[in-house]
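See structure below.
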Protein chains: 2
Amino acid sequence: MSAASDDLVVLVVDDDFRVARLHAEYAARVPGVRVLEPVGTAAAARRAIAQHRPGLVLLDAYLPDESGLDLLRDIDADVFLLSAASDADTVRTALRRGALCYLIKPFAADALTDRIAAFQRFANVVPADPARTLDQEAIERGLRIVHSGDSPGGSRSRSATEQAVLDAVERADAELSAVDVAERVGVSRATAQRYLSGLAADGSIRVQLNYGSTGRPEHRYLPRG
Amino acid sequence: MSAASDDLVVLVVDDDFRVARLHAEYAARVPGVRVLEPVGTAAAARRAIAQHRPGLVLLDAYLPDESGLDLLRDIDADVFLLSAASDADTVRTALRRGALCYLIKPFAADALTDRIAAFQRFANVVPADPARTLDQEAIERGLRIVHSGDSPGGSRSRSATEQAVLDAVERADAELSAVDVAERVGVSRATAQRYLSGLAADGSIRVQLNYGSTGRPEHRYLPRG
DNA sequence: ACCCCCTGAGCACAATGCGCAAAACCGGTT
DNA sequence: AACCGGTTTTGCGCATTGTGCTCAGGGGGT
């Protein structure tokens, strides 16, 4: 794994060049990994993949010229899907189209480095080599390896209620008051407000004050945008 | 799980009609599975998939009119790849194109039935539902379930108590709290909860949070959808 | 005897709803 | 402009309920 010709060649595809650089830098920390210059569009990804034939593509779900999930179907490369999207349908689609791994942005470096290292071990057990014959146990051991690893290193996991409050705000087609959110989630106003103020404080949602009726200004909540 | 509308619809695609029937019969043994009439060509598979929208396709790698691996890329369905081919390159290609499982023919019935049951549990944890939000842990747990639900060649057997807890949830005509389950099974609340949380984690049952009274939200358990 | 697995009891603490006081607003009056 | 009253909303403390964990004990297998 020390000879350059044996390195795992990794390509990062993300239209946000700072994010792309960050992920490229994470990947470069893994021993035996060589990272190509990141690209920001599906078209550039196709060209880079055809030219360099990377062993692994770190693919963003949303690209300016094409859905990353559609590109995923076409490129016939080993892919990790990296996305801020965390709805189950997107995850299912990505997996169905061949993503070996799905990482919710933002994530800590070790979430990605652990996964890449696991992929390297997987590729050792299940190499892309027609001369190698596997039995069922080896295949399943390989799959367990690629999905093994340490606990997810991403951001702090939200509680179910906090996530439900955030979802209610993100899914609304208009700004919501605390009372609105409480009704939608099914919790008390006080609980909704508790979470809303926390989410606003950490920048996950936005607040606007609504004036014009007697009484305190009403806080209205919107997605971060 | 008795309502036909909640069944997992499975399509077998294999040109050897005896093998296809055998695999269809295996699949039909899994509770909650409805098996379509098998088809023997890629063209027929495309038609059947467009018409019936199966939840799972059991796909042979070699079809008379097209490579099963090429069809795999096109059909955008959840697929198990079943093949006599055991070279590592074919395995890698299948996984890269989205096969959730690779079974080397011939295989025993329980190799397939266990995998299908694991898929059902996976689909409970990662449903194809845009309204559901997942965290990284849930995604990875889902992947572990589908790839390594049980050890090869046989089910991990449930203890009597675990089975009794699962039965209590499945038989109830309404969602149950841990206290309810404890009473029905005749174990302590802590024991019931221990098993309930394990069953929920492995996708065998669903949890909903019940709000409205002071104190922590109450976990309510339902059968898998 | 030793080990492993399972169970229940007890406890710490997480998370919720309720009730209330205070903050903040608007409109009217002086 | 300043003040007041009425109203609405926010934010906090507290009591309560539920979850998850630890530990001791029991039973079964080797």
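Predicted, not measured: the structure shown is a model, and the values here were computed from it. The figures here come from the full heavy-atom set of this structure, side chains too, leaving out hydrogens, waters and symmetry mates.
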Nearest-angstrom distance from the residue atom [atom1] of [X] to [atom2] of [N]:
{"X": "A:L196", "N": "D:dT10", "atom1": "CG", "atom2": "P", "result": "9 Å"}
{"X": "A:R189", "N": "C:dT16", "atom1": "CZ", "atom2": "P", "result": "14 Å"}
{"X": "B:L176", "N": "D:dT19", "atom1": "CG", "atom2": "P", "result": "13 Å"}
{"X": "B:E162", "N": "C:dC5", "atom1": "CD", "atom2": "P", "result": "14 Å"}
{"X": "A:Q193", "N": "C:dT16", "atom1": "CD", "atom2": "P", "result": "15 Å"}
{"X": "B:Y221", "N": "D:dG18", "atom1": "OH", "atom2": "C1'", "result": "10 Å"}
{"X": "A:N210", "N": "D:dT10", "atom1": "CG", "atom2": "P", "result": "10 Å"}
{"X": "A:R194", "N": "D:dC14", "atom1": "CZ", "atom2": "P", "result": "14 Å"}

Toward the 5' end of DNA chain D, which comes first, B:A190 or A:A190, by nearest nucleotide?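 By nearest-heavy-atom nucleotide position, the 5'-most residue is A:A190.
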Atom of A:G142, atom of A:F122 and distance for their closest heavy-atom approach: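 Minimum heavy-atom separation between A:G142 and A:F122: O-CD1, 3.2 Å.
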Closest non-hydrogen atom pair between A:L81 and A:A94, with its separation: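 For A:L81 and A:A94, the tightest heavy-atom pair comes out as CG-CB, 3.9 Å.
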Relative to the 5' end of DNA chain C, which residue comes earlier, A:G186 or A:Y211, by the nucleotide with the nearest heavy atom?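 Going by which nucleotide is closer to the 5' end, it is A:G186.
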Could you check B:A192 against B:T214 and say which one's nearest nucleotide on DNA chain C is further toward the 5' end?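 Closest to the 5' end, via its nearest nucleotide, is B:A192.
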Students often get this wrong, so: under 4.0 angstrom with heavy atoms, is B:V187 touching a base, only sugar-phosphate, or nothing?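 Answer is sugar-phosphate: B:V187 comes under 4.0 Å of backbone atoms only.
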Which part of the nucleic acid, if any, lies within reach of B:T161 when heavy atoms closer than 4.0 Å are counted: base, sugar-phosphate only, or nothing?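 Touches sugar-phosphate only.
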Under 4.0 Å between a side-chain N or O of A:Y195 and OP1 or OP2 of C:dT16?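 For C:dT16, OP1 or OP2 has a side-chain N or O of A:Y195 closer than 4.0 Å.
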Is the phosphate of D:dT19 approached by B:H219 (side-chain N or O, under 4.0 Å from OP1 or OP2)?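 For D:dT19, OP1/OP2 do have a side-chain N/O of B:H219 under 4.0 Å.
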Determine whether any donor atom in the side chain of B:R216 lies under 3.5 Å from an acceptor atom in the base of C:dG17, or the reverse, and answer yes or no.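 Checked by distance alone, the answer is no.
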SB check A:D129 B:R92 (cutoff 4.0 Å):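 Not counted as a salt bridge, because no side-chain N and carboxylate O are separated by less than 4.0 Å.
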Other residues, nucleotides and ligands only: do more than 12 of their heavy atoms fall within 6.0 Å of CZ on A:R73?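 Check passes, neighbour count above 12.
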Between D:dT19, C:dG8, D:dC12, which nucleotide has the shortest distance from any of its atoms to the side chain of B:S188?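 Minimum distance to the B:S188 side chain belongs to C:dG8.
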Can you classify the ring geometry of B:F107 versus B:H23 as parallel (below 30°), tilted (30 to 60°) or perpendicular (above 60°)?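 Answer is parallel, since the angle falls under 30°.
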